[in-house]
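Here's the structure, in structure tokens; my notes come after.
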Protein chains: 2
Amino acid sequence: MPDHPKRVTRRRVATRARLLDAAFQVFAAKGFGHVSIEELCEAAGFSRGAFYSNFATLDALFFALYQERAELIAAQVAEALAQDGTGLDVPAAVDRVTEVLLLDVDWLLVKTDFLVHAARDPQVARALLDHRARLREAIADRLFRARGHTGLPAVLGDVDGAAHAVVAAYDGVTVQLLLDKDVEAARAWLKQLLTALLTDGGRTPDRPAHDPA
Amino acid sequence: MPDHPKRVTRRRVATRARLLDAAFQVFAAKGFGHVSIEELCEAAGFSRGAFYSNFATLDALFFALYQERAELIAAQVAEALAQDGTGLDVPAAVDRVTEVLLLDVDWLLVKTDFLVHAARDPQVARALLDHRARLREAIADRLFRARGHTGLPAVLGDVDGAAHAVVAAYDGVTVQLLLDKDVEAARAWLKQLLTALLTDGGRTPDRPAHDPA
DNA sequence: GGCTTTCGATACATCGGTGTATCGGATACG
DNA sequence: CGTATCCGATACACCGATGTATCGAAAGCC
């Protein structure tokens, strides 16, 4: 049990960071649930004493790790979305976001591990749902700014529904990527999916579809 | 190490089945990677001897378990797809398939565990990819039979691309379902997504969209 | 129904991981 | 600088799980 430290010394934050970094590596390689505390500490160049001084349990560390990285990604996505102020060019935003979301396969591995973990712990699930909600919000915001310029399919409902769809597409593509490890293909495919979802299927008046057969 | 058994006695298949059933339960509850062989055997009402007589390792059992269940689901999906012979009514097929795919949350839990497992073992990943390919094939077949009656969005490319999109949507919805555990919402949402993907966004000439704002 | 084969239970040796308690050096602070 | 505090290393006791070897009993076979 970590005592609430009176002073947050700088040594503390340093070792904490090193532990989290090592955890990311090791979790990505072997998967949470196949990693022992000892293994993790060895990877970080520490003894178990360091671990128990900083975290109560492996779950706690995993949670902290997820939170840290998720925050980082969220910030990157927000930046990618805000990049063109008025939000007229949706396809460009799609490209930028795709680039950010499918950047690091290791992160996707850890993220999925965390999903599996959250699926069995409502407490953790809540945190993950919150994070996803914030992401959706940012997306919905962006789509709202572009309304009128892109025809959203009616079946998706409002802008919020469309944001939901974007996240679903992201998750779907992630699964395939985890299996074939082809980042470029995944990016291309995600762009395609998002285009299909957010525009009205390539059937805008100014871009008539040619017969696919 | 299981000797290649000369005769497949019926006792053997029975205990094997009981082990697999118990494994499904326990894996769903605690997650693969948090289950010991001992725990599993206890749940099945066996001793560890039974396990080692039937499987070489936990991984092997997990693989067998996945294969068995996946085969079952695939058959159900194929049936749901084949139900109306000529394939004119795509929305009805979507409804039926949705029903089958999002039936059992426990299965989704185990399946996702397996995904995480496969993501780190190319051997296993191959098997999973094969299974997914077969599923896509069945879907593509169905869509092909319905071509001309439903306008596929051009951006998805051919029928095969559309099948790919269906699977991605399924995976995406699964993720959300694992977190909020709301099966009905997931089903509705998946139907909506598939409709948006497979029709041309509710903008067919015979079904004009009304302004969502 | 005997005889053989097969299967699963039991016992055993072993190992790796866990958590705690304690200690010594580093670090902050005056 | 001196000292009090903090933090991470070390040592220890303790399971719990693993895999194997062996044995008794059930099931197949004639």
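Just so it is clear, the values below take in all heavy atoms, side chains as well, and ignore hydrogens, waters and symmetry mates. Each chain gets a letter, A, B and so on, in the order its sequence line appears, and its residues count up from 1.
- In this structure, A/Phe27 has its ring center closer than 6.0 angstrom to the ring center of A/Phe62.
- The aromatic rings of A/Trp189 and B/His164 lie perpendicular to each other, with more than 60° between the two planes, well past the 30° mark.
- Residues from residues 27-49 of chain B with heavy atoms under 4.0 angstrom of DNA chain D, sorted by number: B/Ser36, B/Ile37, B/Glu38, B/Arg48.
- In this structure, A/Leu19 places its CG atom 12 Å from C1' of D/dC7, rounding to the nearest Å.
- Atoms OH (A/Tyr52) and P (C/dT22) sit 17 Å apart, rounded to a whole Å.
- Dense packing is recorded around CD of A/Glu68, with more than 12 heavy atoms of other residues, nucleotides or ligands lying under 6.0 Å away.
- More than 12 heavy atoms of other residues, nucleotides or ligands shown are found within 6.0 angstrom of CD on A/Glu39.
- Taking atom CZ of residue A/Arg12 and atom C1' of nucleotide C/dT27, one finds them 13 Å apart after rounding to whole Å.
- If one axis is set at each end of the helix from C/dG1-D/dC30 to C/dG30-D/dC1 from five pairs, those axes are 40° apart, to 10°.
- Phosphate proximity of D/dC7 to A/Asn54: absent, as no side-chain N or O sits under 4.0 Å from OP1 or OP2.
- Atom CD of A/Glu99 has more than 12 heavy atoms from other residues, nucleotides or ligands within 6.0 Å.
- Each of B/Leu109, B/Leu178, B/Leu115, B/Asp113 was compared with A/Val116 under the side-chain contact (heavy atoms from CB on, under 4.5 Å) criterion, and only B/Asp113 meets it.
- Contact of the A/Arg96 side chain with the A/Gln83 side chain is registered, since non-hydrogen atoms from C-beta on lie closer than 4.5 Å.
- In terms of phosphate contacts, A/Arg10 brings a side-chain nitrogen or oxygen within less than 4.0 Å of OP1 or OP2 of C/dA28.
- When every heavy atom of B/Leu101 is checked against every heavy atom of B/Tyr170, the shortest pair comes out as O-OH, 3.5 Å.
- Within the structure, every side-chain polar atom (N or O) of B/Arg11 is placed at least 4.0 Å from both OP1 and OP2 of D/dA26.
- Proximity of A/Ser53 to the phosphate of D/dC6: no side-chain N or O atom is located under 4.0 Å from OP1 or OP2.
- The separation between A/Arg16 atom CZ and D/dG8 atom P is 12 Å, rounded to whole Å.
- A close approach under 4.0 Å does not occur between any side-chain nitrogen or oxygen of A/Thr9 and OP1 or OP2 of D/dT5.
- Between B/Phe114 and B/Phe63, the angle of the ring planes lies from 30° to 60°, which puts this pair in the tilted group.
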